[in-house]
Protein chains: 2
Amino acid sequence: MANNDAIPVEPDHGGGIRQRSRASIERRILDAAESVFAEAGFNGATTAEIARRAGIPKANLHYYFKTKDDLYQQVLTGIVNTWLHTADEITAEADPAHALAHYITAKIELAREQPIPSRVFANEVIHGAPHLGTYLGSELRSWVEAKAKVIRGWITAGKMREVDPRHLLFMIWASTQTYADFAAQISAVLGRDQLSQQEYKAVARQVTEIILRGCGLTPPNPS
Amino acid sequence: MANNDAIPVEPDHGGGIRQRSRASIERRILDAAESVFAEAGFNGATTAEIARRAGIPKANLHYYFKTKDDLYQQVLTGIVNTWLHTADEITAEADPAHALAHYITAKIELAREQPIPSRVFANEVIHGAPHLGTYLGSELRSWVEAKAKVIRGWITAGKMREVDPRHLLFMIWASTQTYADFAAQISAVLGRDQLSQQEYKAVARQVTEIILRGCGLTPPNPS
DNA sequence: GAGAATCCTGACCATTTGATCAAGATTGTT
DNA sequence: AACAATCTTGATCAAATGGTCAGGATTCTC
């Protein structure tokens, strides 16, 4: 766990040095924590390694974040907040094919651009989500119910084949996030260090095609 | 890497108490280890907890398995061996629709019946597969290439739509294993402690339908 | 039944790790 | 300048943990 280089310190241009410095150092710590948690999980992550990557002494880390759990909570909260608004285009008025294609493509792009937070979240859920409190059963559940209602509306309107919308969402999550969470496996099997942007586009197209056709929809022609 | 094969043993070829006891206690330890590794990951798992669940003193655990890493290797090997032969029905002669439907259904059933080993494996891969050595890039890669060749044959024969077989496999893995790995999330979102067997059958049917239709195949009528 | 092989276990150790603290350094305020 | 608030850090601690060991208990072989 001693690989990544420390995160470079940003110059402190103008404005209250204290406040700005505080914000930037907290950001550095959170970024460092994110990567360490993603690589080692909550238990395997050490505050010493997080501090090292953030470029500060361990004692200083504990000045900004009282406990390791506190730090982990903040990382999880950040991820969750990012994810809450990724399917805004799934609305009753939208065209199902376009909305789903857009959602799937966006999720694949997210998997490519930000695999690390995805892994922290996946790790947390695999271990039974002990630090997620009631989030999954309340907020996320409501979110899913709302989206499911939209999709059921599409089905009732005869716009797509009859499927269970919740399990359709699970399938989309799985098929897209696997490219972030299981990147090591995919890279090894394909024999590449990492996929090119072209390959990600091809993946997005294929996943979209299979799921849309599977729902009785015609995939929009990708431009 | 030294496992208990190195322990000088063998003079008991009669199924005596020694051999029987050793086999059963090793099984108990491996089962305990499996569950602890699944819950806490490699780093978070403690040999003390594994020993406690196996009902033996910690020192005795270290008699059967020299190191924690040794134990983990054996757990991983067991999982991998189980998985190696789950898609035997995917052959050049087989009917694509039936073969894929059978594979997907079998994987969903495996996710229901043995979610714990799946989680250990998922956890390992998420963290970059540091303990899997060259398995992903050699054995698994060859396995995927062989299956991909079969599917390409189906495509060439005009039996199914043109897709990248490797990413199709990734999609099947993701869509099925998510019901083992992310069970906590799925349970919470659906508001149930765990899915009934009926629900698993419905899931298998829906995943099969979407993927087969997505590949231009007609799902076989489930009997 | 005696001696050997195997198994069991409490006690122990070295290291790691999350967290604390006191003293010093820097920045803000009057 | 003087004093307060905030930040930094080396040193340190208590707990947890992977692993060892010596010696006792049990089972096997002859």
Side-chain angles (χ1 to χ4, degrees), chain A residues 1-2 6-7 9-29 32-33 36-37 39-75 130-131, chain B residues 1-29 32-33 36-37 39-75 130-131:
Chain A
M1 192 205 291
I7 294 168
V9 183
E10 287 179 20
D12 184 0
H13 13 52
I17 289 179
R18 276 277 155 79
Q19 207 175 29
R20 185 159 309 244
S21 166
R22 168 157 214 133
S24 102
I25 200 171
E26 283 181 351
R27 186 69 257 150
R28 274 228 315 294
I29 294 173
V36 174
F37 284 134
E39 286 170 23
F42 178 77
N43 290 301
T46 68
T47 56
E49 175 62 15
I50 295 172
R52 195 191 65 75
R53 289 196 198 176
I56 59 172
K58 193 181 63 168
N60 201 11
L61 181 152
H62 282 283
Y63 173 76
Y64 285 100
F65 298 89
K66 204 89 173 67
T67 68
K68 178 179 163 185
D69 201 273
D70 179 17
L71 191 47
Y72 188 64
Q73 285 293 339
Q74 299 234 8
V75 169
H131 299 265
Chain B
M1 284 304 174
N3 57 21
N4 64 342
D5 290 279
I7 294 178
V9 69
E10 267 313 294
D12 191 350
H13 283 103
I17 291 180
R18 274 276 156 79
Q19 198 180 42
R20 188 169 311 247
S21 166
R22 172 174 271 267
S24 98
I25 201 171
E26 282 181 353
R27 187 68 257 153
R28 274 226 316 291
I29 295 173
V36 174
F37 283 133
E39 286 169 24
F42 177 78
N43 290 302
T46 67
T47 56
E49 175 62 15
I50 295 172
R52 196 189 62 76
R53 290 197 197 175
I56 59 173
K58 192 181 64 168
N60 201 12
L61 181 151
H62 283 285
Y63 172 76
Y64 286 100
F65 298 88
K66 202 92 174 66
T67 68
K68 177 178 162 183
D69 201 272
D70 178 18
L71 191 47
Y72 188 63
Q73 286 292 338
Q74 298 235 4
V75 169
H131 300 264

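Convention: sequence-line order gives letters A, B, ...; per-chain numbering from 1.
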Checklist entry - At how many degrees, to 10°, do the end axes of the helix from C:dG1-D:dC30 to C:dT30-D:dA1 meet when each uses five pairs? => result 10°
Next on the checklist: With a 4.0 Å cutoff (strictly under), does any side-chain N or O of B:Y63 reach OP1 or OP2 of C:dC7?
Outcome noted: yes
Checklist entry - What's the CZ-P distance between A:F42 and C:dG18, to the nearest Å? => result 8 Å
Checklist entry - For B:A48, which residues count as a side chain to side chain contact (heavy atoms under 4.5 Å, CB included) partner, sequence neighbours excluded? => result B:T46, B:K58
Checklist entry - Over how many whole Å does the gap from A:F37 atom CZ to C:dT17 atom P extend? => result 14 Å
Item to check | Distance in angstrom units between A:R52 CZ and D:dT9 P, rounded | outcome: 16 Å
Checklist entry - Taking only N and O in the side chain of A:Y64, is any of them less than 4.0 Å away from OP1 or OP2 of D:dT8? => result yes
Checklist outcome for this item: Nearest heavy-atom contact between A:A40 and B:N43 is O-ND2, 3.7 Å
Item to check | side-chain hydrogen bond (donor to acceptor under 3.5 Å, both in side chains) partners of A:Q73, counting only residues at least two apart | outcome: none
Listed pairs under 3.5 Å, donor-acceptor, residues 49-57 of chain B side chains, sequence neighbours left out:
{"from": "B:E49", "atom 1": "OE1", "to": "B:R52", "atom 2": "NE", "distance (Å)": "3.1"}
{"from": "B:E49", "atom 1": "OE2", "to": "B:R52", "atom 2": "NH2", "distance (Å)": "3.0"}
{"from": "B:E49", "atom 1": "OE2", "to": "B:R53", "atom 2": "NE", "distance (Å)": "2.8"}
{"from": "B:E49", "atom 1": "OE2", "to": "B:R53", "atom 2": "NH2", "distance (Å)": "3.3"}
{"from": "B:R53", "atom 1": "NH1", "to": "B:S35", "atom 2": "OG", "distance (Å)": "3.0"}
{"from": "B:R53", "atom 1": "NH1", "to": "B:E39", "atom 2": "OE2", "distance (Å)": "3.2"}
{"from": "B:R53", "atom 1": "NH2", "to": "B:E39", "atom 2": "OE1", "distance (Å)": "2.9"}

Could you list the protein-to-nucleotides 19-21 of chain C atom pairs, N/O on both sides, closer than 3.5 Å?
{"from": "C:dA19", "atom 1": "OP2", "to": "A:K68", "atom 2": "N", "distance (Å)": "2.7"}
{"from": "C:dA19", "atom 1": "N6", "to": "A:K58", "atom 2": "NZ", "distance (Å)": "2.8"}
{"from": "C:dT20", "atom 1": "OP2", "to": "A:K66", "atom 2": "NZ", "distance (Å)": "3.4"}

Item to check | Interatomic distance, A:L61 CG vs D:dG10 C1' [rounded to whole Å] | outcome: 16 Å
Checklist outcome for this item: Value for CD (A:Q74) from CZ (A:F65), rounded to nearest 0.5 Å, stands at 5.0 Å
Next on the checklist: Output the rounded distance in Å from CG (B:N60) to P (C:dG10).
Outcome noted: 10 Å
Next on the checklist: Whole angstroms only, please: what is the CD1-C1' distance between A:I25 and D:dT6?
Outcome noted: 12 Å
Checklist entry - According to the side chain to side chain donor-acceptor pair (under 3.5 Å) rule, which pairs have a member within residues 59-70 of chain A, sequence neighbours left out? => result A:D69-A:H131
Item to check | Atom-pair distance (CD on A:E26; P on D:dT6), nearest Å | outcome: 14 Å
Next on the checklist: Base, sugar-phosphate or nothing for B:A51? Non-hydrogen atoms, less than 4.0 Å.
Outcome noted: nothing
Next on the checklist: So, OP1 or OP2 of C:dC7: does either fall under 4.0 Å of a side-chain N or O from B:R22?
Outcome noted: yes
Checklist entry - Say you draw a straight line from CD1 of A:I29 to CG of A:L71; how long is it, rounded to the nearest 0.5 Å? => result 7.5 Å
Item to check | Nearest-angstrom distance from the residue atom CG of B:N43 to P of C:dT15 | outcome: 20 Å
Checklist outcome for this item: Residue set satisfying side-chain hydrogen bond (donor to acceptor under 3.5 Å, both in side chains) with A:Y72, at least two apart, ordered chain then number -> A:E124
